[in-house]
Amino acid sequence: MKFLTRTFRFFLLLAGLLLLADSGRAQSSSLVFSDAAGRRLEFTPFGTIVNQQTGLVSRGYSLGYHDGSTAKRVYYLNNSIQSGIVPVSLSADQPTGQILTQGQRVYVRAVVRTADGKLTLTFRYIWRVGAMGVEAIGTMTNNTDSQLDVEELSLYSPLGTDCSCPCTAASVFDGATIRTSVVIIANVRYRRTALMYGTPLQRNDTRDTEGCDPVANVPLQ
């Protein structure tokens, strides 16, 4: 009986190590998809999108929150501009490297968390070949057993050279008031969509981020 118990524990340990190995691979590698016209999009483990033709990053984000004792701000745009974000998983319904034909679509899901483990951000993307951008929506989850005061979640998408002002977005989304502005980061003009929350995020509660936003789409021209 002891032999069987030890054997069972060994297989549990082995399974755990394999899961950790798979998780590590998911966190370290991006997923890249292209179409017949040669457009290539890279979906990163941090939930951002890189247009490989222009090198521009879309769907960068920053998050400000208060856990009752400390005000915190975490963010991610690229490897050089980041703080306090840990990748958890990245998956898609098409194999990476796939060349998509007209009308095909790929669904990508990236999960990250704050370094303190208190909040999880889940980003879901759909790229439909032939569309001018990527459909995007995210979900923020409170992982703690108490409420968190989430002040704002901001999303950053590059502006085209022909756009000199913020574009129209919804004014309210899932309990958040939305404000838009133009900011310059590393000499690139970004549209900042800030979701301002007036009520705390309760324990184990979720909120969706604003997603019906054409400017948040990656420019493919």
Side-chain angles (χ1 to χ4, degrees), residues 19 23 26-27 43-49 57-79 81-92 107-126 133-158 166-183 185 190-218:
L19 286 174
S23 176
Q27 294 177 30
F43 296 85
T44 77
F46 288 90
T48 56
I49 308 171
V57 178
S58 190
R59 303 300 285 183
Y61 51 90
S62 62
L63 176 63
Y65 63 100
H66 200 287
D67 63 3
S69 60
T70 307
K72 299 184 177 182
R73 177 165 293 277
V74 299
Y75 53 89
Y76 190 90
L77 183 71
N78 55 40
N79 289 335
I81 305 174
Q82 62 160 310
S83 177
I85 295 294
V86 177
V88 176
S89 65
L90 178 66
S91 59
Y107 169 76
V108 179
R109 180 176 179 266
V111 181
V112 303
R113 63 172 174 80
T114 56
D116 59 15
K118 295 185 176 180
L119 287 163
T120 293
L121 294 173
T122 302
F123 300 98
R124 302 172 187 85
Y125 299 119
I126 296 178
V134 177
E135 300 171 33
I137 195 164
T139 299
M140 176 171 51
T141 305
N142 178 359
N143 300 326
T144 73
D145 291 327
S146 59
Q147 70 179 26
L148 289 175
D149 291 318
V150 180
E151 298 170 0
E152 57 87 13
L153 171 62
S154 291
L155 304 171
Y156 300 87
S157 296
C167 300
T168 303
S171 58
V172 178
F173 190 90
D174 202 8
T177 300
I178 297 178
R179 298 174 184 172
T180 61
S181 60
V182 174
V183 297
I185 305 174
Y190 284 87
R191 179 195 176 207
R192 174 176 177 256
T193 301
L195 291 85
M196 320 293 291
Y197 296 96
T199 57
L201 187 64
Q202 301 301 319
R203 67 186 185 95
N204 300 319
D205 197 7
T206 64
R207 287 201 180 125
D208 288 336
T209 65
E210 194 260 357
C212 298
D213 178 3
V215 178
N217 296 341
V218 178

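Every heavy atom of this structure was used, including side-chain atoms; hydrogens, water molecules and symmetry mates were not.
Each of I178, V150, T177 was compared with L195 under the side-chain contact (heavy atoms from CB on, under 4.5 Å) criterion, and only I178 meets it. For the pairing with F123, the ring-ring contact (aromatic ring centres under 6.0 Å, His included) check across F43, F46, Y61 returns one residue only, Y61.
Taken from OG in S154 to CZ in R191, the straight-line distance is 11.0 Å, to the nearest 0.5 Å. Annotation: the span from R203 atom CZ to Q147 atom CD amounts to 11.5 Å, rounded to 0.5 Å. Summarising the geometry, atom CG belonging to L148 is positioned 11.5 Å from atom OG1 belonging to T141; distances are rounded to the nearest 0.5 Å. Distance check: L63 CG to I85 CD1 gives 6.5 Å after rounding to the nearest 0.5 Å. Note: Y65 OH to K72 NZ = 4.5 Å, rounded to the nearest 0.5 Å. The structure places CG of L201 at 11.0 Å from CG of L153, a figure rounded to the nearest 0.5 Å.
Closest non-hydrogen pair, N78 versus I81, comes out as OD1-N, 2.8 Å. In plain terms, the two heavy atoms of L90 and P45 that are nearest each other are CD2-N, 3.8 Å. Residues R59 and L155 share a closest heavy-atom pair of NH2-CD1, 3.5 Å. Closest of all the heavy-atom pairs between K118 and T114 is N-OG1, 3.3 Å. The heavy-atom pair separating G47 from A110 by the smallest distance is CA-CB, 3.7 Å.
Under the ring-ring contact (aromatic ring centres under 6.0 Å, His included) criterion, Y156 pairs with no residue, sequence neighbours left out. Residues passing the salt bridge (charged side-chain N to carboxylate O under 4.0 Å, His left out) test with D149, sequence neighbours excluded: none.
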> Hey, mind stepping through V74 and L119 against side-chain contact (heavy atoms from CB on, under 4.5 Å) and telling me if it holds?
Replying inline: CA-CA 11 Å; V74 299; L119 287 163; over 6 Å; no
> Given V57 and Y190, is the side-chain contact (heavy atoms from CB on, under 4.5 Å) satisfied, shown in steps?
Replying inline: CA-CA 10 Å; V57 178; Y190 284 87; 4.3 Å; yes
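Looking only at atom types and distance, the side chain of S62 has no donor-acceptor partner in the side chain of R192 under 3.5 Å away. A donor atom on one side chain and an acceptor atom on the other are found under 3.5 Å apart for R207 and T199.
Residues Y125 and I49 have side chains in contact (heavy-atom distance under 4.5 Å, counting atoms from C-beta outward). Using a 4.5 Å heavy-atom threshold, the side chains of M140 and Y197 count as touching. A heavy-atom distance below 4.5 Å is found between the side chains of V111 and T120. Taking the side chain as every heavy atom from C-beta outward, L77 and T48 never approach each other to under 4.5 Å.
In this structure, the side chain of N142 engages the main chain of Q202 through a donor-acceptor pair within 3.5 Å.
Within 6.0 Å of CZ on R73 lie more than 12 heavy atoms contributed by other residues, nucleotides or ligands.
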